[in-house]
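What you see is a predicted model, and the numbers here were worked out from it, not measured in a lab. Both backbone and side-chain heavy atoms feed into the values below; hydrogens, waters and symmetry mates do not.
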Amino acid sequence: MSDIENLIIVGSGPAGYTAALYAARANLNPLVIEGFAWGGLLQQTTDVENYPGFPQGVMGPEMMQLFRDQAERFGARLVTDQAERVELASEPGGIHSVWVGDVEHRARTIVLAMGAEHKKLGVTGEQDLLGRGVSYCATCDAAFFKEAPTIIVGGGDSAMEEAIFLSKFASKVTVVHRRNEFRASNIMLERARDQANIEFLTPYTVGELVAGDSGTLGHAVLLNAETGEQREIPAAATFIAVGHEPQSELVRGQVDIDDNGYVVTQGKSTRTNLPGVFAAGDLVDHTYRQAITAAGSGCQAALDAEWYLRDTPGVPTPAGMPVTDPAEAQYAPVADSAA
């Protein structure tokens, strides 16, 4: 059994590594269980052009390597393995446990940063053409397809937002949805319908995504969900917007989780319903889902954890950290915080 850590971070990506960086610079000596697929969804991304500080753009895997290196430089300790089980204490000052294989790691605070995964269509060509015309983020990649025919797959508000954003760049946007009715709100649907270069094709599903002569996406094979009719439409890009799967399985039944599987945090903080347990990144964010917002929430989580360790009665203050007068504490106990 290990010594008791100040902080364990479960997960990596922009949220996990930013939390690790801030915690390391605060001398918390954080332990990061980063997983085998460290780096999160950005490991599946090619050019990133919308993250500040990279005027020429940067490849997603390269950027995550830089995040990782910076956290390590300041003393974050990385475990490149999977967290298999988590037990979270429910009382202030309780000790939380994370198991990697048979090894138990214990800590006074924990940051959950397991992220989310894009829901996949599971069709032929989807994986092979990822980054070569298949994308899960129009906000990230729309600018690569100026004056080109494109497809959005989905029927919710996110799909409409993606379509509207994409319409500023693409020559044509075809929204493909498996039903004639949409889950999107009326206002978002009308905004999409108001765009002259957005068309709607229902009730159709994607049967196959096919490469063109250049090796990038050339066209999509669509199937009518009612008649089985098959048709092909040209597309330089297909953006899949059918939802996300937050990776919250490890903590289900322990922290509060909403109906869609996202961990619930309190107010504008990263605090969960359990003392000393914080959550950040795409694990909690079903609205923005950007690298920069994930990194920002990772910073918040590290600061929340630092303040918890410093200000909570009965929790040993880490070495080198000043003891705070209760009247000056920035961390409010969970029971007293506003939701």
Side chain to side chain contact (heavy atoms under 4.5 Å, CB included) between L31 and I9, worked out
CA-CA 6 Å; L31 180 69; I9 298 165; over 6 Å; no
Check the pair Q254, R252 against side chain to side chain contact (heavy atoms under 4.5 Å, CB included), reporting the backbone distance first and the verdict last.
CA-CA 5 Å; Q254 299 187 72; R252 289 179 186 272; over 6 Å; no
Run the side chain to side chain donor-acceptor pair (under 3.5 Å) test on T202 and N180 for me, step by step, so that the C-alpha distance in whole Å, both residues' side-chain angles and the decisive distance to 0.1 Å come before the verdict.
CA-CA 5 Å; T202 63; N180 291 315; 2.9 Å; yes
Before giving the answer on side chain to side chain contact (heavy atoms under 4.5 Å, CB included), spell out for T150 and K172 the whole-Å C-alpha distance, their side-chain angles and the decisive distance to 0.1 Å.
CA-CA 6 Å; T150 58; K172 180 179 179 181; over 6 Å; no
Is there a side chain to side chain contact (heavy atoms under 4.5 Å, CB included) between L283 and S248 once you walk through the steps?
CA-CA 7 Å; L283 185 67; S248 55; 3.9 Å; yes
Carefully, step by step, assess D69 and Q65 under the rule side chain to side chain donor-acceptor pair (under 3.5 Å).
CA-CA 6 Å; D69 291 346; Q65 183 68 61; 2.8 Å; yes
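Cation-pi geometry between R178 and Y204 is not satisfied (NZ or CZ under 6.0 Å from the ring centre, within 45° of the ring normal). K120 forms a cation-pi arrangement with Y136, by the criterion of a distance under 6.0 Å to the ring centre and an angle within 45° of the ring axis. For the pair R271 and F278, the cation-pi test (distance below 6.0 Å, angle within 45°) is failed.
For the pair I8/V111, no side-chain contact is recorded, criterion being any heavy-atom separation below 4.5 Å from C-beta on. Residues F239 and C137 are not in side-chain contact: their nearest non-hydrogen atoms beyond the backbone lie 4.5 Å or more apart. Counting heavy atoms from C-beta on, the side chains of M64 and Y17 come closer than 4.5 Å. With a 4.5 Å cut-off on side-chain heavy atoms, I33 and V100 count as touching. At a threshold of 4.5 Å between non-hydrogen side-chain atoms, the residues T272 and Q266 do not count as touching. Annotation: side chain of V284 is not in contact with side chain of Y262 (no heavy-atom distance under 4.5 Å). In this structure, V264 and V255 have side chains that are not in contact, with every pair of non-hydrogen atoms separated by 4.5 Å or more. In this structure, the side chains of F165 and V173 stay at 4.5 Å or more apart for every pair of heavy atoms.
A distance-only check finds no donor-acceptor pair linking the side chain of N29 to the backbone of E5 [under 3.5 Å]. Proximity of a side-chain donor or acceptor of N273 to a complementary backbone N or O of D256 within less than 3.5 Å is detected.
Between F144 and F169, the ring centre distance reaches or exceeds 6.0 Å. Checked against the 6.0 Å centroid criterion, the rings of H244 and H286 do not qualify as a close aromatic pair.
L112 and V79 fall within the same hydrophobic cluster, defined by Ile, Leu, Val, Met, Phe, Trp and Tyr side-chain heavy atoms under 4.5 Å apart, directly or through other members.
More than 12 heavy atoms of other residues, nucleotides or ligands shown are found within 6.0 angstrom of CZ on R193.
With sequence neighbours excluded, no residue forms a side-chain hydrogen bond (donor to acceptor under 3.5 Å, both in side chains) with T287.
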